Each structure stands twice: as structure tokens, then as C-alpha cells.
Amino acid sequence: MYTLNVNGTNYQVNVTDGATPLLWVLRDIIGLTGTKYGCGIEVCGACTVVIDGQREHSCVVDVSSAVGKKIVTVEGLSPDNSHPVQKAWTQCQVPQCGYCQPGMIMATVAAINAGHHGNEILPELGNVCVCGTYERVRKAVKTL
Amino acid sequence: MTQDTSSPESTPSGAVTDCTRRNFLVSLAGGLSIAFFMPSGGRTVEAAAATPDVQLNAYIRIGTDGRITLLFGGAEMGQGSMSGLSQILAEELMVDWNQITIQQSDANAAISYTTGGSSAVSRRYIPLRTAGATARELLIASAMLATGDTTRGNYVAKSGVVTRTDPVSGAQQSWKYGDLTVQAASPQAQALLPIPIPLTDPAQFRLIGQPVPRPDIPLKVNGSARYGIDVFLPGMVFAVIKHCPTIGGTLAATPAKPASAIAVVPCTTPADRGAMLKGTYNAVAVVADNTWKAKQIAKSLTVKWTLPASTASVDSASLLAQANLLLTTGVPIVAEPNNPTPDAATIEGQVATALTGSAKTAEATFTLPYLAHATMEVLNCSVSPTYTAGVLTALEIWAPNQSAMSVVNMAITLSGLVATQITVHTTFLGGGLGRKIEQDYVSQAIQVALSVKKAVKLTWMREEDFGHDQYRPMAVIKTKAGLDASNKIAAWSYRIVTPSISWQRGRTGLDSQAVEGAVRLPYGRGTSVVEWVNLPAGIPVGYWRSVGSSLNAFATECLIDMLAQAAGQDPFVFRTNNTTDARALELLAMTDAATAWRKTIPATHAWGLAIAEAFGTMVCEVIEISQPTAGALTIHRVYAAVNCGTVINPDSVEAQIQGAIIHGLTAALWGEVKFTKGVAGQTNFNRYRMMRLNETPTITVQVVKSSNAPTGIGEPGVPPAAPALANAYSRLKNVRVTSLPLFPGTTMGGL
């Protein structure tokens with residue numbers, strides 16, 4: 001049993017294996033499915049969340065190591081799509097299939113947390129988008 | 001326009017998650033109205049009593065509250081069909097786009113269709129406009145019945161209100177649509193319908209052609225968009241699939257269930273792929289109480305497989321050798337000329353003579369690899385069986401799928417139930433790209449649910465998704481063409497050897513998809529033959545974005561560039577001189593003018609051109625590249641000119657073309673799945689490189705203004721990308737590129 005703080009709420013999660021990736025705990029146990037499984041090997045970025053303000057790939061974060069930290073997922077950005085990154089993504093009509101976008105958005109949030117603005121954010125976004133929304137991502141990021 | 005993707009499942013915590021569901025329930029309480037059915041090609045109006053909403057053409061409901069719902073029978077996988085169809089309906093119903101609620105339909109033979117061939121919007125353009133216009137005219141007829149004035153010119157429908165202006169007094173009377181639906185159902189109203197139904201004059205379009213925001217985007221920026229992989233059901237168990245790593249291998253014995261697992265279920269793939277997979281198990285599903293646990297158990301589970309004798313031949317090197325042999329020894333099927341289709345030997349002889357008589361020739365043999373779909377959302381499916389007194393009585397299925405009726409049919413085959421006992425919910429697709437037309441993953445989930453008799457979600461881990469794809473087929477293409485003294489194409493010989501998707505599914509004869517992009521070219525080709533030879537390879541192949549055009553446009557447009565070089569002409573000039581196709585000429589001229597920059601790029605840069613038609617849409621692309629270091633390539637910019645007929649949503653057209661170009665470039669640069677003795681060598685993104693943001697060029701898209709019928713937009717941006725890149729690279733290196741990918745064996749590092 002571990003206690004995780006996700007989007008400001010404490011969750012008691014019944015997991016016996018402390019090496020279980022945070023990704024699967026968020027999805028299968030807590031039920032926050034905005035965070036996506038893409039590759040499981042920290043290459044694609046679909047599982048990106050923000051932990052203590054920094055970008056992390058939840059597919060390789062052991063649940064035991066996330067205890068006591070503040071975890072933010074895409075669901076925690078705002079109750080009404082009002083977070084600046086969400087607004088920019090909506091304004092620029094970024095998503096196509098949308099599956100990679102929670103990871104892309106959370107990587108952008110982490111870059112902003114690190115003090116980056118506008119085009120400075122771009123080098124921080126290594127997330128894979130098979131739909132190829134990158135031109136729209138650039139457009140959205142410029143406004144941030 | 002809002003969106004309702006309601007389905008009754010709950011989150012693991014038990015809370016119903018769909019906050020828009022109430023919209024749908026409200027409209028159900030609308031009261032008496034009509035049902036309406038219009039098969040394609042004809043017009044039939046049927047009144048049906050006591051249905052709660054107006055149901056038009058099995059697509060549309062107008063509640064007595066005035067709420068308009070469009071039932072969506074396809075798959076939304078990012079291509080923007082939902083918004084495109086809503087715009088078309090709103091246009092004819094004379095309402096704003098945000099007055100339409102689009103709702104994903106469960107599988108229904110009257111509504112559901114396969115999403116493929118870039119047809120989701122284009123094929124429904126006229127039927128949906130007609131349905132919308134019929135609804136509008138029925139509502140006006142209902143107002144006519146109220147007033148007794150049947151002069152159509154006295155009525156206007158606008159923004160959900162019908163208004164009659166008295167021609168004498170000028171007095172106006174108005175009715176909301178919702179107030180007219182009951183009478184609109186009556187035979188009297190139908191009798192007043194104008195024939196033919198008047199469609200809105202395109203010059204008066206308010207919405208078609210406008211960049212309307214997509215209804216799915218708000219759900220896709222906050223994590224609430226529910227993909228198949230996000231489905232949770234009460235009491236659900238979780239399965240992962242473990243295939244025989246070797247293609248064609250079968251299960252020797254079902255392994256004993258490890259103590260930590262709920263079950264180990266043998267699975268077959270009862271698809272129509274012949275004896276190889278029929279009736280034999282080629283995978284096991286490991287079931288546990290969460291996905292990660294199931295994956296860990298599957299990883300350590302030892303399974304004995306039986307490998308067929310043919311395994312050794314399921315090998316990239318031997319398949320390439322076999323394909324090269326078939327270039328000369330294979331028995332071809334002539335695809336063109338096709339009216340009439342001549343005997344292969346006769347036409348080949350004529351083309352050989354024409355080639356001999358040509359002033360100049362160019363020839364090359366092109367090689368293209370197997371490709372994976374690599375949809376961001378791995379394959380998955382959830383199934384909930386219902387048992388009554390121990391007997392199976394219903395199946396409910398949630399699947400990210402491109403063909404809901406195929407899911408129903410698969411469920412019937414496996415369960416013995418009838419269609420009315422089967423409910424199929426189509427979720428959002430985290431990419432489809434042609435992969436989610438297939439039913440292998442659906443069939444496995446059904447088999448597991450019927451075995452454990454519980455709700456189950458089956459997920460393919462990424463390694464299974466890559467390792468057991470139904471791949472874009474490889475191809476070897478031998479081409480030779482000749483020019484006459486005036487540099488016009490006088491002879492054209494084209495033979496493609498490629499595995500047939502349709503033959504693997506039991507069909508025979510010419511596989512039109514194997515030659516799409518090689519026939520009906522915009523160029524005059526003199527004495528010409530286009531032939532196909534099947535490559536009987538044991539690797540399952542399927543529909544990859546743009547299908548055969550992804551092979552043939554590469555070879556064709558590279559050959560055209562080689563001919564331009566032989567002629568000593570600029571690629572634009574040569575193409576322009578060799579076509580009389582008005583669309584090609586317009587796109588070439590537009591592209592030439594828009595890419596004047598290509599004349600002033602640095603000497604260390606190069607540009608390439610290609611033009612191709614796919615799914616009725618013609619796209620012309622120019623790509624600028626440079627090579628900073630050996631083995632690397634910088635793609636600076638891409639320009640695309642598009643003729644897709646009438647544009648519904650220019651914002652979606654731009655997004656699709658940009659995405660398709662990235663898709664095509666990614667494959668051309670790095671895409672390849674290699675097989676060694678039946679085992680795929682690329683099983684995750686680290687060895688199947690995808691383009692990232694920092695490698696993406698600027699992509700400018702210009703669309704021709706056209707009043708022709710809309711044509712496909714999801715796929716046609718792909719085919720010209722590879723040849724335009726190869727033509728640029730050939731020019732840069734002064735060596736003709738004949739094989740893709742340009743940089744095989746490239747890996748992709750972690751983030």
C-alpha cells in the first residue's frame with residue numbers, strides 16, 4: 001500500500017510490487033486515464049507527467065519512488081480547460097487523434113515550470129506524435 | 001457543435017465519467033416524431049409512429065426540444081470527420097455548427113461504415129446534404145400545414161427557426177424547429193416535399209469551407225477523451241497478449257497458469273487468412289488483476305511453440321531475392337492498358353519495341369520495405385459477456401476500430417450469438433492508419449472474455465503491436481521508360497512485385513490496390529504497360545495510410561524525375577510538357593510560383609518535386625533538404641499544393657496534409673521492419689524511428705479553390721512525400737536513390 005499525491009488528492013493505492021510503474025498505477029488503479037501508455041521504454045513521451053514540478057516519464061517511475069511527491073497529470077491542469085497550455089492547444093487546434101497530447105501538454109507545462117517561454121519550450125518537446133501535429137504545437141507554444 | 005461519446009462504463013472508482021450524457025437523455029424525452037430512411041441512390045420516406053425523435057436517413061435526430069443530433073457511424077481517429085460531417089449537416093439545416101450534437105453511434109448496419117480510403121466525409125457529402133435539406137424542407141412543410149399557405153417562397157429557414165412572411169401584409173410568423181417536428185412526420189408534410197430536394201447553392205455556403213473548431217479537441221486537452229485503452233468496467237480483469245514471436249508459429253501446449261495469474265487463455269486468429277492461422281492457436285492471453293501484472297507474468301511465462309517448416313523463408317533477405325527473381329520470371333497480371341486488357345507477352349513486346357525506338361531512356365529497380373502502422377494507441381479491446389442461468393446471452397464490446405460491423409461479425413462468429421445480442425461501442429482511436437480495420441485484437445479479447453466469463457480488457461504491449469502488425473507490404477518495382485525526340489514519354493514499362501493484401505484474404509485476380517498510384521497517371525506515356533506480380537510471402541500485410549500509392553507513387557515519380565534528367569529539363573518543365581491533366585497543370589503552376597525560393601537556396605541544399613493522385617485528391621509537394629553530416633539529413637521546408645475538390649474544413653485539410661507529409665517523410669527516412677526467420681526485428685520505437693518536433697520542417701499547405709465534389713484528405717498527402725524527398729536527395733548527392741528507407745537501421749534514443 002502506497003500513498004500518492006496526485007493533482008492535490010491523496011490516494012491509497014493497493015500495490016504489492018513497489019517497482020510497478022507509476023503509469024499503470026495512475027491508469028489501472030487510480031483511474032486517471034489521461035496519462036497514456038505508448039512505448040513503456042521512455043522513448044515516446046505519451047506517459048509524461050509532472051512530478052515536483054519536473055517532467056517525468058511515468059512508464060519508468062517506480063510507484064514507491066513517487067511517494068511523498070506532488071504528481072500532476074493532465075487531468076490536474078484545470079477543471080475547465082483554462083490552463084494556458086490547454087487554451088493554446090485549443091486555440092491552435094493542435095490535436096488530431098490526441099493520444100500523445102496529454103504527454104505533449106505535460107512536457108510543455110514542465111518546460112514552463114523550468115522558466116522557458118515561447119520558442120524556448122520547443123527543445124524540451126521530444127514527444128512522438130505519429131499524427132504529425134508538430135507544426136500546430138509550434139504555433140501553440142509561441143503564445144506561451 | 002458539442003460531442004457526446006456516452007457509453008455506460010464507469011471508472012474503476014465506480015463514477016460515471018461522461019458529463020455530456022444528459023444531453024442525449026434530454027433529447028430522448030422529446031415526444032412523438034418520425035423516422036426517416038433514405039437509401040443511397042433513391043429517396044424513400046417512411047413514417048414510423050412513436051419514435052421519440054425525428055430520425056432522418058438514420059443519421060439525424062431532431063428532438064421536439066429542437067436539439068439536432070448527428071449519429072456518427074465512422075471512426076474519429078484524428079482526421080476530423082466528426083466536425084466535417086457536422087458542418088455539412090448544419091449548412092443544409094440552416095443552423096449554426098454549434099447547434100449540432102455529434103454522437104458516436106454503436107454498431108448499426110444502417111449507420112456504421114468502415115473508415116478507410118479517405119472516404120469518411122467525401123462519400124457522405126451529397127447524401128448528408130440531401131438528408132439535411134430534406135429535414136429542412138419537411139420542417140417548412142410542417143409550417144405550411146399550420147398556415148395553409150404552401151407557397152415555398154414565403155418561407156425561410158434560418159438558425160433553427162422557420163419564418164413565414166405574408167406576401168401581402170408583410171406580417172411574419174415564426175416557429176422553432178422543435179415545434180415543427182411532430183407535423184413534419186405526417187404524410188401530409190411529406191406530400192409537400194419539393195422534388196428534387198433543393199440543395200443550398202454553394203455560392204451561399206456559410207459553413208462549408210470555413211475553419212470550424214473541432215468538437216473533439218476540448219476532450220483531447222484535458223485527458224477526458226476516452227480511447228479504447230481507457231475503458232474500465234466494474235469487476236474487469238486485464239489481459240495482455242503474447243504471440244508466438246515467429247510469424248506462422250503455433251501453440252504446442254497451453255502453459256500451466258502461474259499462481260499470480262487469473263488465467264492463461266490460448267487464442268486463435270480466426271481471420272480469413274487461410275490455413276496458416278485458422279483453427280490453431282498462435283498466441284496466449286495472460287489475465288491478471290491489472291495490466292502491468294499481466295505483462296510481467298506474460299514476460300516470465302515459458303511457452304512452447306511449434307514452428308512451421310516455412311519459417312526460414314519468412315526472412316527479409318530471402319523475400320527480397322524471391323521478389324527480384326519474380327521481376328523476370330513471375331507471371332504478371334496486366335493492370336494497364338485495361339480496356340481491353342491485352343495479353344502480357346503481346347503488350348510487353350510492343351513496349352520493348354517502343355523502348356528500342358526511343359531517343360533516350362531511363363530505368364531503375366526500386367525497393368521498398370515492410371512498414372509498421374505504429375499507432376500511438378496500441379491495439380486493445382474490452383469485452384463484457386452476460387450469462388443468464390449459465391448461458392451466454394449478450395456481449396458488449398468496446399473497441400477502437402475502423403469497422404464496427406466487422407466487430408459485430410467477429411463476435412457472432414466466435415460466440416454463436418445473433419446481432420441483436422451484441423453491442424459494439426466505437427471509442428476514440430489513438431490513431432488508426434488502417435490497422436484498426438483488422439479484427440485480430442478484437443477476436444482475442446472476445447475469446448478471453450468467453451473463457452474467463454468476465455469483463456476483460458485485452459491490451460497488446462508495444463512489442464506485440466510492432467511484432468505482429470499487418471504490415472505495409474514490401475515491393476520491388478522494375479521500371480523503364482523512353483522519350484521521343486521532343487522529350488515526350490513514348491514508352492513506359494512498369495512491373496511491381498508485391499504481396500497482395502486481397503489475395504491474403506482469399507481473393508483472386510488483379511489486386512487493384514497493388515497498382516494504385518501506378519495506373520491512371522496524369523502523364524501521357526505512349527506505349528505503356530503496368531503489371532503486377534504477387535509475392536507469396538508469409539508475412540501478414542494490411543492497409544497502411546495510402547496503401548498501394550505509398551509504393552507506386554515513389555517509383556513513378558522517381559522515374560519521372562530521371563526522365564526529366566535524361567531530357568535535360570527542369571522537373572517542373574518536364575512534367576508540365578508531359579501532361580494535359582488540368583488539375584496537374586494547375587498544381588504544378590501553383591507550386592512553381594509558390595516555391596520560387598528553390599532558385600535561391602544555398603548551393604549545399606537541394607530540392608525535390610513530386611505530384612500524385614490518391615483517393616481522388618491530387619497533391620504536389622516540394623521539399624528542401626541539406627546534409628550537414630553523413631548519415632543525417634535536414635529537411636528545411638515542405639510546400640504542398642492540394643486539389644481535393646470542395647473543401648469542407650480548411651483547418652482539417654491543412655492538418656491532414658501536414659501530418660501525412662510527416663508520415664511519408666518518416667517512413668522514407670527510417671521506416672522498415674526486417675524479418676529474420678519469421679521474427680520482426682523492430683519491436684518498439686527505439687528501433688522504429690519516428691520524426692520528432694526538432695526534425696520537422698516548416699510545412700506550407702495551399703489548397704486549390706474548387707467547386708468539384710470533395711475527395712479524400714486523410715491519406716493523399718503521403719504518396720508524394722517519399723519521391724519528393726528521394727528526388728531532392730538524388731539531386732543533392734548526384735546519385736539516384738532507388739531504395740527506401742534512406743537511412744536504414746537508424747535508432748531513436750530516449751527522451
Side-chain angles (χ1 to χ4, degrees), chain A residues 15 17 20-21 23-25 27-46 48 55 57 73-75 77-78 81 83 85-87 89-90 93-102 105 107 122-123 125-138, chain B residues 11-13 77-80 211 213-214 216-227 229-230 232 238 290-293 296 374-378 428-433 459 461-462 651 655-656 658-663 666 684-686 690-694 696 698-699 748-751:
Chain A
V15 181
D17 180 2
T20 303
L23 167 68
W24 295 105
V25 175
R27 291 182 52 81
D28 282 12
I29 296 168
I30 298 176
L32 290 169
T33 56
T35 306
K36 301 303 190 205
Y37 166 69
C39 67
I41 56 166
E42 210 184 353
V43 170
C44 80
T48 305
R55 178 186 75 191
H57 301 113
T73 70
V74 71
E75 292 94 337
L77 291 182
S78 74
N81 287 5
H83 188 281
V85 178
Q86 291 175 315
K87 283 164 79 173
W89 252 241
T90 307
Q93 297 278 293
V94 173
Q96 290 185 29
C97 91
Y99 192 84
C100 76
Q101 297 298 340
I105 287 169
L122 295 175
L125 304 181
N127 303 55
V128 169
C129 172
V130 175
C131 294
T133 60
Y134 302 122
E135 279 280 69
R136 297 272 172 101
V137 171
R138 283 182 181 141
Chain B
T11 63
S13 58
M77 45 196 188
Q79 79 282 41
R214 286 172 41 177
D216 49 332
I217 285 193
L219 309 176
K220 290 178 174 175
V221 300
N222 63 20
S224 68
R226 191 182 294 119
Y227 301 84
I229 203 167
D230 302 330
F232 285 88
F238 300 83
N290 68 61
T291 309
W292 175 253
K293 199 163 150 188
Q296 294 299 94
T375 57
M376 281 302 298
E377 181 197 22
V378 291
F428 277 128
L429 281 69
L433 304 170
T459 304
M461 290 292 115
R462 179 58 72 189
D651 207 49
Q656 285 307 299
Q658 287 178 336
I661 287 169
I662 289 170
H663 211 85
T666 301
N684 209 322
F685 286 115
N686 57 340
M690 307 304 297
M691 189 172 281
R692 284 177 163 156
L693 190 145
N694 65 336
T696 298
T698 60
I699 305 174
M748 180 160 70
L751 285 157

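Quick caveat: nothing in here was measured; it's all calculated off a predicted structure. Throughout, a chain's letter reflects where its sequence line sits, starting with A, and its residues are numbered from 1.
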Practice problem: Apply the test side chain to side chain contact (heavy atoms under 4.5 Å, CB included) to residues Arg226(B) and Thr33(A): give CA-CA distance (whole Å), side-chain angles for both, the deciding distance (0.1 Å), then the verdict. | Solution: CA-CA 8 Å; Arg226(B) 191 182 294 119; Thr33(A) 56; 5.9 Å; no

Return the [atom1] to [atom2] distance between [X] and [Y], rounded to the nearest 0.5 Å.
X: Glu135(A); Y: Thr696(B); atom1: CD; atom2: OG1; value: 7.5 Å
X: Ile217(B); Y: Gln101(A); atom1: CD1; atom2: CD; value: 8.5 Å
X: Met748(B); Y: Cys44(A); atom1: CE; atom2: SG; value: 8.0 Å

Practice problem: List the steps, then state whether side chain to side chain contact (heavy atoms under 4.5 Å, CB included) holds for Trp292(B) with Val15(A). | Solution: CA-CA 11 Å; Trp292(B) 175 253; Val15(A) 181; over 6 Å; no

Against chain A, work out which of [options] has the most heavy-atom pairs shorter than 4.5 Å and name it.
options: Gly432(B), Ala225(B), Pro218(B); result: Pro218(B)
options: Met461(B), Met691(B), Gln79(B); result: Met461(B)
options: Thr375(B), Leu433(B), Thr698(B); result: Thr698(B)
options: Asn694(B), Asp651(B), Val378(B); result: Asp651(B)

Self-check item: Non-neighbouring partners of Glu377(B) that pass side chain to side chain donor-acceptor pair (under 3.5 Å), sequence neighbours left out
Solution: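 Counting only residues at least two positions away or on another chain, Glu377(B) forms a side chain to side chain donor-acceptor pair (under 3.5 Å) with Asn380(B), Lys436(B).
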
Quiz item: Of all residues at least two apart in sequence or in a different chain, which pass the side chain to side chain donor-acceptor pair (under 3.5 Å) check with Thr291(B)?
Solution: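 If we apply the side chain to side chain donor-acceptor pair (under 3.5 Å) test to Thr291(B), skipping adjacent residues, the hits are Asp28(A).
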
Quiz item: Side chain, backbone, both or neither: which part of His57(A) has a heavy atom under 4.5 Å from chain B?
Solution: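 Only the side chain of His57(A) comes within 4.5 Å of chain B.
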
Quick one: does any side-chain atom of [X] pair with a main-chain N or O of [Y] as donor and acceptor, under 3.5 Å?
X: Tyr227(B); Y: Cys97(A); value: yes
X: Arg27(A); Y: Ile229(B); value: yes
X: Tyr37(A); Y: Arg462(B); value: yes

Practice problem: Kindly give the heavy-atom pair with the smallest separation between Val221(B) and Asn81(A), and that separation in Å. | Solution: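 Closest approach of Val221(B) to Asn81(A), heavy atoms only: CG2-ND2, 3.6 Å.
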
Practice problem: Identify the heavy atoms of Leu693(B) and Arg138(A) that sit nearest to each other, and give their distance. | Solution: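 Looks like O-NH2, 2.9 Å.
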
Quiz item: Given Val43(A) and Asn684(B), is the side chain to side chain contact (heavy atoms under 4.5 Å, CB included) satisfied, shown in steps?
Solution: CA-CA 9 Å; Val43(A) 170; Asn684(B) 209 322; 5.7 Å; no

Quiz item: What part of Phe685(B) gets closer than 4.5 Å to chain A, counting heavy atoms only: side chain, backbone, both or neither?
Solution: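 For Phe685(B), the contact with chain A is made by backbone and side chain together.
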
